[in-house]
S.K.: 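Pasting a structure below so you can have a look.
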Protein chains: 2
Amino acid sequence: MSDEGQLSVRKADSRRRSATQAVTMADVARAAGVSTQTVSRALRDPRSVGPDTLARIEEAVRETRYVQNFAASHLASNRSMTVAAIIPTISASIFAETIQGLSDVLLPEGYQVFLGHTDYVAAREESLVRSFSGRRPDGFFIIGTRHTQETTALLKRTGVPVVESWSWTPRPVDLLVGFSNHAALIRVVDHLVERGYRRLTFAGVMKPGDHRAKERLKGFQDAHARHFPGETPRVVTVASSPMVMATGVELLALVRAQHPETDAVVFASDVLASGAILACGGLGISVPGDLAITGFGNYDIAGQLTPGLTTVAIASKRIGVESARLLLRRMQGATVDDRALDVGFELLVRGST
Amino acid sequence: MSDEGQLSVRKADSRRRSATQAVTMADVARAAGVSTQTVSRALRDPRSVGPDTLARIEEAVRETRYVQNFAASHLASNRSMTVAAIIPTISASIFAETIQGLSDVLLPEGYQVFLGHTDYVAAREESLVRSFSGRRPDGFFIIGTRHTQETTALLKRTGVPVVESWSWTPRPVDLLVGFSNHAALIRVVDHLVERGYRRLTFAGVMKPGDHRAKERLKGFQDAHARHFPGETPRVVTVASSPMVMATGVELLALVRAQHPETDAVVFASDVLASGAILACGGLGISVPGDLAITGFGNYDIAGQLTPGLTTVAIASKRIGVESARLLLRRMQGATVDDRALDVGFELLVRGST
DNA sequence: ACCAACCATGTTACCGGTCACGTTAGCGGT
DNA sequence: ACCGCTAACGTGACCGGTAACATGGTTGGT
């Protein structure tokens with residue numbers, strides 16, 4: 001009691017290392033007249049201490065402007081209250097929504113999200129997992145299901161729950177929240193064939209590490225083989241162009257040059273398809289009269305174009321939300337019965353087909 | 001070599017708390033035949049130990065699969081090697097690019113990025129800063145320059161560098177990397193007037209906490225007052241609609257209903273302007289013949305529309321990159337001479353005006 | 001009245017690193 | 001031979017919390 005006001009004094013030990021004059025839990029304990037353990041209890045579970053003790057501690061926290069040090073907490077309790085998220089690129093708004101969903105669920109529970117992006121390079125993914133592991137996250141969230149062998153091994157060794165997403169695999173590392181890109185493209189092709197289109201061409205950006213794009217291409221090829229046995233599926237790709245509308249325009253030109261008989265273009269993304277639809281206006285190509293066009297992702301623009309873009313809608317935010325829920329359950333010690341969740345997809349038929 | 005496979009043995013001390021069988025620095029030290037201090041030195045500055053010792057330690061790290069524990073490092077050294085980033089929303093691709101720039105620079109330097117989003121709510125910003133402070137980040141990056149008083153106080157008390165961005169203020173909390181939204185809109189209005197437009201209307205989404213949108217509106221109003229003294233500037237806003245193209249269509253309808261004489265619409269964002277331009281096609285409105293349209297942000301779509309969208313280009317990725325560089329310099333102990341960096345903006349005149 | 005069960009709180013050791021400082025060996029100069 | 005200096009490495013204390021166990025006071029059933 002009598003040492004009230006000594007908070008800032010903090011014996012000026014010349015060996016003191018930290019530059020900060022940080023208030024510690026001991027300061028709060030002194031101000032409240034209890035032990036540090038009681039302060040710790042009050043902060044992590046207020047009901048575990050007596051009501052007036054709690055009030056005194058809360059007052060002491062306010063008075064001293066105490067801010068808990070998570071690093072110490074982490075070290076002592078072996079829980080970091082963080083989740084590491086690894087995505088191909090932040091700039092793609094569709095992944096951003098997933099991250100938004102993820103953090104919408106995790107932040108209120110006291111977890112914080114580390115973000116890293118791989119730019120579709122497997123080696124970067126591996127080095128990210130490696131460096132993130134040093135933070136001892138309580139969970140991992142990763143977009144994609146294909147990793148280097150070492151990445152998979154690293155993830156398994158962490159001993160914490162791992163969610164893979166945005167894709168599908170029979171053998172997830174741990175948990176899975178995704179859908180089949182392959183099945184989605186089959187649905188697109190079925191739809192086009194049903195509408196009477198016969199000369200389909202797939203067009204997309206194929207970055208070496210973008211396995212979701214590869215799965216889509218594979219779906220196109222498999223469906224094509226089923227509908228048109230013996231015919232070689234038409235495929236036009238660029239490897240290094242950025243995922244922007246101008247690339248869609250470029251791809252459209254390639255399609256018309258290499259496969260002029262094409263009556264429907266299946267784009268690997270709405271971004272590309274939108275660029276192509278807009279370009280068709282200037283080129284005097286009627287959509288879907290001369291050429292049908294499909295996209296993937298159901299971006300904002302898909303419904304605003306004239307004609308509207310037929311595309312595959314993915315519940316991107318929901319992927320984040322469900323992943324967070326799975327992680328939470330596991331991080332809180334519960335067991336999860338269904339380790340794989342298929343969020344599916346929806347074919348949205350609009351004017352472009 | 002021969003003790004391969006014994007890693008998991010680790011004397012089963014019944015009082016051992018951590019659930020993990022984690023390899024510690026002591027394990028590495030034992031394997032290499034040195035003290036933990038030497039291992040620590042080898043990891044943080046390889047040149048500070050002898051070359052053959054270094055080789056032995058590196059071999060021991062590999063053999064034991066040691067992963068450094070940053071929490072312990074943080075606690076002991078008082079540096080967390082993290083940066084907290086707070087943005088209004090992750091979904092807006094334009095902020096995503098800034099974050100991409102930020103982490104592109106910080107990750108290679110060993111810093112990791114915590115991400116939180118406020119949804120344009122000041123109270124959420126405050127609670128984010130509060131909870132992030134517990135992680136003791138070595139720096140803060142925030143989009144926006146307007147905060148609650150308490151937020152500002154919290155930021156200052158952390159004692160670490162803080163970058164505010166995407167806006168401008170004569171009194172930053174610490175560092176500033178941004179531009180004047182106000183000046184940008186003045187430039188837009190000047191351009192329209194120069195082109196002969198006389199009946200301008202501003203249209204945008206005005207979320208209560210979106211100060212950048214407010215600054216743009218203010219810029220419009222001030223420029224309008226200068227060009228058309230005495231006239232009341234026309235302004236159409238919605239408060240709660242999401243920032244999507246459909247909202248642009250909605251705003252266009254409002255403009256035509258409330259101010260039918262309008263000959264130029266100044267949108268607060270490219271997203272809205274793009275929706276409006278696309279809708280004009282369907283409504284038989286000629287752009288820029290009947291109506292000129294401008295946007296803000298120079299999104300991908302702006303250059304692909306017909307007509308192209310006149311807009312203001314912001315170096316959004318560069319904001320992240322420069323912010324990271326400033327933070328790095330300060331986190332590494334250097335002093336920064338120029339605490340405020342104006343990345344400017346560029347008016348891109350296209351067909352829509 | 002007695003003892004078990006329980007609640008609120010304190011005590012002790014420890015989490016896994018790093019800092020400050022100490023020690024040792026090797027070297028050249030005088 | 002002595003001294004000082006430097007490079008390389010070790011020792012002990014400490015960072016700021018929390019788990020496990022211990023303690024003292026209440027309560028309630030028999």
Side-chain angles (χ1 to χ4, degrees), chain A residues 7 10-11 13-30 32-57 60-61 64 66-81 133-136 333, chain B residues 10-11 13-30 32-57 60-61 64 66-81 133-136:
Chain A
L7 301 175
R10 259 186 98 68
K11 195 171 68 177
D13 184 334
S14 64
R15 304 241 334 236
R16 177 160 182 70
R17 285 186 265 166
S18 57
T20 63
Q21 298 275 30
V23 179
T24 75
M25 202 174 256
D27 297 319
V28 177
R30 211 172 304 127
V34 295
S35 71
T36 62
Q37 182 59 65
T38 302
V39 175
S40 175
R41 273 191 283 254
L43 293 178
R44 49 184 31 236
D45 182 10
R47 294 162 314 179
S48 66
V49 301
D52 48 343
T53 306
L54 179 59
R56 282 213 315 286
I57 291 174
V61 165
T64 57
Y66 172 67
V67 177
Q68 188 176 11
N69 185 327
F70 276 98
S73 168
H74 173 180
L75 191 58
S77 70
N78 201 36
R79 290 188 316 155
S80 66
M81 298 302 285
S133 294
R135 302 270 137 130
R136 301 287 196 272
Chain B
R10 257 187 96 69
K11 194 172 68 177
D13 184 334
S14 65
R15 302 248 333 241
R16 177 160 182 72
R17 285 188 264 166
S18 56
T20 63
Q21 300 274 30
V23 179
T24 75
M25 202 174 255
D27 297 320
V28 176
R30 210 171 303 126
V34 296
S35 71
T36 62
Q37 182 58 63
T38 301
V39 176
S40 176
R41 273 191 282 254
L43 294 178
R44 49 184 31 236
D45 181 12
R47 294 163 313 177
S48 67
V49 300
D52 48 344
T53 307
L54 179 58
R56 282 212 317 286
I57 290 174
V61 165
T64 57
Y66 173 67
V67 177
Q68 188 177 9
N69 185 327
F70 275 99
S73 169
H74 173 179
L75 191 59
S77 69
N78 201 36
R79 291 189 317 154
S80 65
M81 300 301 286
S133 294
R135 302 271 135 124
R136 302 286 195 273

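Just so we're on the same page: letters track the sequence lines, and every chain starts at 1.
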S.K.: It should be established whether B:Ser35 places a side-chain nitrogen or oxygen under 4.0 Å from OP1 or OP2 of nucleotide D:dC9.
M.R.: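 So the side chain of B:Ser35 is outside the cut-off, no N or O lying under 4.0 Å from OP1 or OP2 of D:dC9.
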S.K.: Among A:Arg79, A:Arg136, A:Met81, find the one that has a side-chain contact (heavy atoms from CB on, under 4.5 Å) with A:His74.
M.R.: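 Passing option: A:Arg136.
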S.K.: On DNA chain D, check which nucleotide each of B:Gly50 and A:Tyr66 is closest to and give me the residue with the more 5' one.
M.R.: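 Checking each residue's closest nucleotide, the 5'-ward one belongs to B:Gly50.
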S.K.: Out of C:dG10, C:dT18, D:dC15, which nucleotide sits closest to the side chain of B:Leu75?
M.R.: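 My answer, after comparing the listed nucleotides, is D:dC15.
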S.K.: Whole Å only: how far is the CD1 atom of B:Ile57 from the P atom of D:dG10?
M.R.: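 B:Ile57 atom CD1 is separated from D:dG10 atom P by 8 Å.
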S.K.: When we call it a touch if two heavy atoms are under 4.0 Å apart, what does A:Thr53 touch: a base, just sugar-phosphate, or nothing?
M.R.: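 If one applies the 4.0 Å heavy-atom cut-off, A:Thr53 turns out to touch the sugar-phosphate alone, with no base involved.
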S.K.: Short question: side chain of A:Thr64, backbone of A:Ala60 - any donor-acceptor pair under 3.5 Å?
M.R.: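 Pair found, side chain donor or acceptor close to backbone of A:Ala60.
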S.K.: So does A:Ala32 get a backbone contact from the side chain of A:Arg56, meaning a donor-acceptor N/O pair under 3.5 Å?
M.R.: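 Answer holds: yes.
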S.K.: Check the distance between C:dG16's C1' and B:Met81's CE and give it to me in whole angstrom.
M.R.: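 Whole-Å distance recorded here is 18 Å.
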S.K.: From D:dT18, D:dG10, C:dG16, pick the nucleotide closest to the side chain of A:Ser40?
M.R.: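 Taking heavy atoms from C-beta onward, the closest nucleotide is D:dT18.
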S.K.: Does the side-chain contact (heavy atoms from CB on, under 4.5 Å) test come out yes or no for B:Tyr66 and B:Leu43, once each step is laid out?
M.R.: CA-CA 11 Å; B:Tyr66 173 67; B:Leu43 294 178; 3.7 Å; yes
S.K.: Please determine whether side-chain contact (heavy atoms from CB on, under 4.5 Å) holds for the pair B:Val23 and B:Val67, giving the CA-CA distance in whole Å, both sets of side-chain angles, and the decisive distance to 0.1 Å.
M.R.: CA-CA 7 Å; B:Val23 179; B:Val67 177; over 6 Å; no
S.K.: Whole angstrom is fine here: how far is it from CG in A:Asp52 over to P in C:dC7?
M.R.: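 Distance, rounded to whole Å: 17 Å.
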S.K.: Which nucleotide in the list C:dT18, C:dG10, C:dG16 gets nearest to the side chain of B:Asn69?
M.R.: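 Per side-chain heavy atoms of B:Asn69, the pick is C:dG16.
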S.K.: For C:dC15, take OP1 and OP2 only and decide whether either is under 4.0 Å from a side-chain N or O of A:Ser77.
M.R.: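 Checking A:Ser77 against C:dC15: no side-chain N or O falls below 4.0 Å of OP1 or OP2.
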S.K.: Find the distance B:Met25:CE to C:dT18:C1' and express it as a whole number of Å.
M.R.: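 These atoms are roughly 8 Å apart.
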S.K.: Could you state the CZ-P distance from A:Phe70 to D:dT18, rounded to the nearest angstrom?
M.R.: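 Roughly 9 Å, once rounded to whole Å.
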S.K.: Round to the nearest Å and state the distance from B:Leu43 atom CG to C:dG17 atom P.
M.R.: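 Rounded to whole Å, this separation is 9 Å.
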S.K.: Are B:Ser73 and C:dT18 close enough that a side-chain N or O sits under 4.0 Å from OP1 or OP2?
M.R.: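 For B:Ser73, the contact criterion (side-chain N or O under 4.0 Å from OP1 or OP2 of C:dT18) is met.
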S.K.: In this structure, how many angstroms lie between the P atom of C:dG17 and the CZ atom of B:Arg30, rounded?
M.R.: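 Rounding to the nearest Å, CZ of B:Arg30 and P of C:dG17 are 12 Å apart.
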S.K.: Contact class for A:Arg41 vs. all strands (heavy atom < 4.0 Å): base, sugar-phosphate, or nothing?
M.R.: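 Base contact.
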S.K.: Which whole-number value in Å describes the distance from B:His74 NE2 to D:dG16 C1'?
M.R.: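 Going from B:His74 (NE2) to D:dG16 (C1'), I get 10 Å.
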S.K.: Does the A:Ser77 side chain pair with the main chain of A:Ser73, one donor and one acceptor, at a distance under 3.5 Å?
M.R.: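 Such a contact is found between A:Ser77 side chain and A:Ser73 backbone.
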S.K.: Map A:Arg79 and B:Leu54 onto DNA chain D by nearest heavy atom, then report which one ends up closer to the 5' terminus.
M.R.: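 Here B:Leu54 is the residue nearer the 5' end.
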S.K.: Determine the contact category for B:Thr38: base if any of its heavy atoms lies under 4.0 Å from a base atom, sugar-phosphate if only primed atoms, P, OP1 or OP2 are that close, otherwise nothing.
M.R.: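 It contacts sugar-phosphate atoms only.
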S.K.: Output the single nucleotide from D:dC15, C:dC15, D:dA19 whose closest atom is nearest the side chain of A:Ala76.
M.R.: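 Of the candidates, C:dC15 comes closest.
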S.K.: Is the shortest side-chain N/O distance from B:Gln37 to OP1 or OP2 of D:dC14 below 4.0 Å?
M.R.: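 No, no such contact exists.
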S.K.: Which one, C:dG16, D:dG16, D:dA19, comes nearest to the side chain of A:Ala72?
M.R.: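 Of all the options, the side chain of A:Ala72 is nearest to D:dG16.
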